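These figures come from a predicted structure and were not determined experimentally. Just so it is clear: chains get the letters A, B, ... in the order the sequence lines come, proteins before strands, and each one is counted from 1. Both backbone and side-chain heavy atoms feed into the values below; hydrogens, waters and symmetry mates do not.
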Number of protein chains: 2
Amino acid sequence: MTPPRSSPQARSPARLSRDVLIDACIRIADREGPEAVTMRRLGAELGVDATAVYRHFRDKDELVAATADRLLTDAFDSTTFTGDWRRDIRSAVLTVRRAYVAHPRIALMVLSATSPMPNEARVSEATLGIIRRLGLPDRDAVLAFEVLEAYTVAVSCMDGMGSSGSDAWRLEYAALPPTTFPNLTATATMLYADPDERFEFGLDLMLDAIERLVDRHADEA
Amino acid sequence: MTPPRSSPQARSPARLSRDVLIDACIRIADREGPEAVTMRRLGAELGVDATAVYRHFRDKDELVAATADRLLTDAFDSTTFTGDWRRDIRSAVLTVRRAYVAHPRIALMVLSATSPMPNEARVSEATLGIIRRLGLPDRDAVLAFEVLEAYTVAVSCMDGMGSSGSDAWRLEYAALPPTTFPNLTATATMLYADPDERFEFGLDLMLDAIERLVDRHADEA
DNA sequence: ACCTGAACACCGTTCAAGT
DNA sequence: ACCTGAACACCGTTCAAGT
């Protein structure tokens with residue numbers, strides 16, 4: 001209620017800033033879900049009018065994009081590289097995945113962002129570098145990088161959003177008529193068991209195939 | 001304005017139905033983008049009050065889910081199977097991809113649907129069947145099926161939604177400082193060139209790896 | 001049985017006005 | 001320089017009332 005006593009002039013030296021708003025976004029999304037992140041809700045959280053946000057961000061899209069980029073920094077700063085390409089790609093990809101699964105709705109908005117966010121470039125630079133050092137032709141290296149990026153971002157967003165492939169789905173598939181759906185009913189008990197296991201299975205499929213590509217390329221030279 | 005002259009009693013024998021509403025959804029989304037699909041817009045399109053939709057669908061989610069399922073029917077009914085597992089999976093996957101890329105926002109809503117839609121089960125049954133017939137242990141077959149499904153749905157939605165990886169991105173990556181971003185700047189001209197090529201590259205990586213899995217399993221037996 | 005229309009409780013965003 | 005507050009043009013959804 002009362003201003004901090006060190007500051008004589010006004011009641012709040014700098015109530016709002018981009019970082020304060022981004023923090024509030026993450027806090028609200030964590031507590032009440034991403035659809036609760038509303039200009040009015042954001043204002044209430046910070047004891048400020050909803051429209052004050054527009055002093056710091058052009059619109060809501062810019063705010064959400066900045067929030068998503070912050071998630072990426074936090075994730076990426078906590079990864080360390082060993083020099084083993086396969087281990088390094090795995091840990092980079094899995095760290096990004098964790099951030100996206102935890103905040104899928106926020107992550108989703110990066111996809112529709114008109115330009116890449118600063119930390120996105122850092123992560124891409126690191127991953128692309130690891131793959132290029134394998135010695136593949138640049139065209140294959142770029143495609144491999146792009147596909148790993150797309151797989152990670154897209155599937156993790158989906159996993160985070162979703163009821164897709166939960167217990168409810170398994171039950172519904174189990175209840176289908178076995179004569180017209182023999183394969184789904186036969187395997188219903190093991191379907192959609194663990195999104196993380198599925199993700200890593202697919203990741204390893206692609207890494208296996210990339211490794212073979214590298215070997216074949218080395219043999220030709 | 002005037003009723004069809006064959007019908008004496010009222011001015012419209014059956015103005016609304018689930019199918020009529022689904023058709024209108026697709027029509028509006030195609031013409032004006034998926035964010036234009038609004039209850040009020042839908043009512044205007046059909047010369048009916050916005051709230052009349054609630055006579056046929058519980059809420060907007062149910063309407064959109066039904067619309068997404070219709071896209072899947074149209075796509076799946078146009079695929080034919082040859083018996084060559086790799087060709088058949090490729091064509092099933094690419095057909096689904098085309099439907100999702102064309103209507104990403106609608107497709108996105110299926111992901112948050114609480115239960116699988118009827119046609120989704122048909123497509124899954126067919127794809128899972130093809131993979132199971134390869135003779136892998138069921139656990140691997142199920143994971144391979146799930147990963148192909150997730151990759152197709154998620155990446156195609158993302159590609160359809162977006163500016164992600166367009167010309168603008170390539171330009172921004174090219175403009176980065178080369179000393180801190182040597183790999184991105186070196187390959188900027190070939191980055192994010194063609195989403196379809198990237199998708200097929202990743203698909204073939206996974207199919208290659210699955211083929212190897214099958215070979216190794218056959219050798220052990 | 002099916003549709004209407006007013007109403008409710010929300011959105012993001014603008015712009016003149018305050019301090 | 002930064003924030004306020006009224007206002008605008010929208011949403012999805014409910015429910016009593018019409019036919």
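Cation-pi contact between R198(B) and Y192(B): absent, since separation from the ring centre below 6.0 Å together with deviation from the ring axis within 45° is not met.
A 6.0 Å sphere centred on CZ of R27(A) holds more than 12 heavy atoms belonging to other residues, nucleotides or ligands. For R58(B), the CZ atom is loosely surrounded, since the number of other residues' heavy atoms within 6.0 Å does not exceed 12.
With rounding to whole Å, R55(B) atom CZ is found 12 Å from dA17(D) atom C1'. One can place CD1 of I28(B) at 11 Å from P of dC11(D), the figure rounded to the nearest angstrom. Here the C1' atom of nucleotide dT4(D) and the CG atom of L46(A) are 15 Å apart, to the nearest Å. If you measure from atom CG of L42(A) to atom P of dC3(D), you get 13 Å, rounded to the nearest angstrom. One can place NZ of K60(B) at 8 Å from P of dT13(D), the figure rounded to the nearest angstrom. Going from atom CG of D49(B) over to atom P of dG5(C) covers 6 Å, rounded to whole Å. For D59(B) and dC15(D), the CG to C1' distance is 17 Å, given to the nearest whole Å. As a whole-Å value, the separation of E32(A) CD from dC10(C) C1' is 15 Å.
When the nucleotides dT4(D), dC3(C), dG12(D) are ranked by their closest atom to the side chain of M39(B), dG12(D) comes out on top. Of the candidates dT13(D), dT13(C), dC3(C), dT13(D) carries the atom nearest the T51(B) side chain, counting heavy atoms from C-beta on. You'll find that the side chain of V48(B) is closest to dT4(C), out of dT4(C), dT13(D), dG12(C). Nearest to the side chain of R40(B), among dC11(D), dC3(C), dT4(D), sits dC11(D).
Side-chain contact between E197(A) and L143(B): present, with at least one pair of heavy atoms (C-beta onward) separated by less than 4.5 Å. Residues F57(B) and I22(B) are in side-chain contact: their nearest non-hydrogen atoms beyond the backbone lie under 4.5 Å apart.
Checked against the 6.0 Å centroid criterion, the rings of Y151(B) and F199(B) qualify as a close aromatic pair.
In the model, N119(A) has a side-chain atom that pairs as donor or acceptor with a side-chain atom of T73(A) under 3.5 Å.
T38(A) contributes no side-chain N or O that forms a donor-acceptor pair with the base of dG12(C) under 3.5 Å.
Place R58(B) and R41(B) on DNA chain D by their nearest nucleotides, and R41(B) ends up nearer the 5' end.
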- Task: Give DNA chain D the dot-bracket treatment, 5' to 3': Watson-Crick (N1-N3 with N6-O4 or O6-N4) or G-U (N1-O2, O6-N3) under 3.5 Å, [ ] crossing, | other strand.
- Result: ||.|||||...|||||.||
